Amino acid sequence: MLNVSYIILAAALLPAVILMILIVIRDKEKPEPPLMLARGVFFGVLSAFGSLALSMPLLASGLIPEAYTNSVEAALYSFGVAALPEELSKLFFLWLLLRNNKYFDEHLDGIVYAVCIGLGFAGYENIQYVFNAGNDWALTAILRGLLSVPAHFFFAVLMGYYYSLVHFGHNPRRNAVWVVAAPVLAHGIFDTIAMAQEVSPGLEAIFGLVLLIFCNELRKLCSRHINEMTAADTGSYQRSER
């Protein structure tokens with residue numbers, strides 16, 4: 001019989017593995033070397049520690065509340081403790097991974113590598129949440145597998161999309177801003193809605209519905225970005241400058 005710890009570990013990692021497979025399958029023209037993909041995932045795990053190095057000084061300074069009891073504090077916490085430090089840390093490791101990467105030669109590659117880092121982060125984070133949930137580990141794994149892990153996938157697609165636009169010379173000055181702004185905004189809004197749901201008695205269902213709608217809109221946006229980058233690599237789509 002399998003040790004229950006292995007079952008919990010598998011439940012925590014399965015969503016990230018599935019999403020990783022889906023994005024790797026899309027990169028069929030010139031697939032990335034497995035070693036580079038694995039390095040991206042490892043860098044994603046390291047980015048979790050990097051984000052702590054950024055968020056802890058903010059918490060210690062008192063600029064960001066250590067806990068949230070209302071929607072305003074939830075927004076401050078979401079952006080200051082989660083979205084901004086986490087996405088900046090991921091971006092640093094994405095830059096580290098791609099700065100001398102000779103395999104970064106297609107538009108879709110930026111998304112693929114960003115997703116590796118994003119899911120490395122999400123997988124590590126999910127292990128912490130699921131193992132710390134005690135007897136509720138199965139419910140936690142299901143809820144986070146349906147929402148939080150895919151959300152990190154979406155944030156990564158946004159970051160990789162704009163990173164590729166900058167790399168391949170598509171209005172680099174403007175898109176360099178969106179490399180940071182797009183994932184931070186998406187992440188901060190996602191967390192704000194989720195945390196506001198926790199501190200808004202009687203409004204949980206409404207915030208839950210808003211969160212689902214927001215995630216679905218992110219899914220559609222990211223699907224368009226992936227299709228656009230794939231088409232750009234096959235020459236079937238000419239992207240207009242932004």
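Everything numeric here is computed off the predicted structure, so don't read it as measured data.
- Asp191 approaches Ala82 most closely through the heavy-atom pair OD2-CB, 3.2 Å.
- In terms of heavy-atom proximity, Ile111 sits nearest to Val157 at CG1-O, 3.9 Å.
- The minimum heavy-atom distance linking Val179 with Met159 is given by the pair O-CG, 4.0 Å.
- Residue Tyr124 is not grouped with residue Leu9 when hydrophobic side chains (ILVMFWY) are merged at heavy-atom distances under 4.5 angstrom, including chains of intermediate members.
- Each of Phe104, Tyr162, Tyr113 was checked for a ring pair (Phe, Tyr, Trp, His ring centres under 6.0 Å) with His167, and the lone residue meeting it is Phe104.
- For Glu32 against Lys30, the heavy-atom pair with the smallest separation is OE2-O, 3.1 Å.
- Applying the ring-ring contact (aromatic ring centres under 6.0 Å, His included) definition to pairs two or more places apart or across chains, those involving residues 183-205 are His152-His187, Phe155-His187.
- Using modelled atom types and a 3.5 Å distance limit, the side chains of Asn216 and Arg219 yield a donor-acceptor pair.
- By the 4.5 Å heavy-atom criterion applied to side chains, Val17 and Met20 are not counted as neighbours.
- Among Val210, Ile213, Leu212, Leu209, the single residue meeting the side-chain contact (heavy atoms from CB on, under 4.5 Å) criterion with Ile193 is Val210.
- Under the 4.5 Å side-chain heavy-atom criterion for Ile, Leu, Val, Met, Phe, Trp and Tyr, Tyr77 and Tyr129 are members of distinct hydrophobic clusters.
- Taking OG of Ser164 as the reference point, atom CD of Glu228 lies at 10.5 Å (rounded to 0.5 Å).
- With Asn126 contributing its side chain and Ala12 its backbone, the two residues share a donor-acceptor pair below 3.5 Å.
- For Gly145 against Pro15, the heavy-atom pair with the smallest separation is CA-CG, 3.6 Å.
- In terms of hydrophobic clustering, with Ile, Leu, Val, Met, Phe, Trp and Tyr side chains grouped at heavy-atom distances under 4.5 Å, Leu84 and Leu76 are assigned to different clusters.
- Taken together through direct or relayed side-chain contacts under 4.5 Å among Ile, Leu, Val, Met, Phe, Trp and Tyr, Leu147 and Leu119 form part of one hydrophobic cluster.
- Here the closest heavy-atom approach between residue Leu59 and residue Glu66 is recorded as CD2-CA, 4.0 Å.
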Check: residues 33-52 side-chain donor-acceptor pairs under 3.5 Å, at least two apart:
unit_1 : atom_1 : unit_2 : atom_2 : d
Ser47  : OG     : Gly44  : O      : 2.5
Ser51  : OG     : Ala48  : O      : 2.7

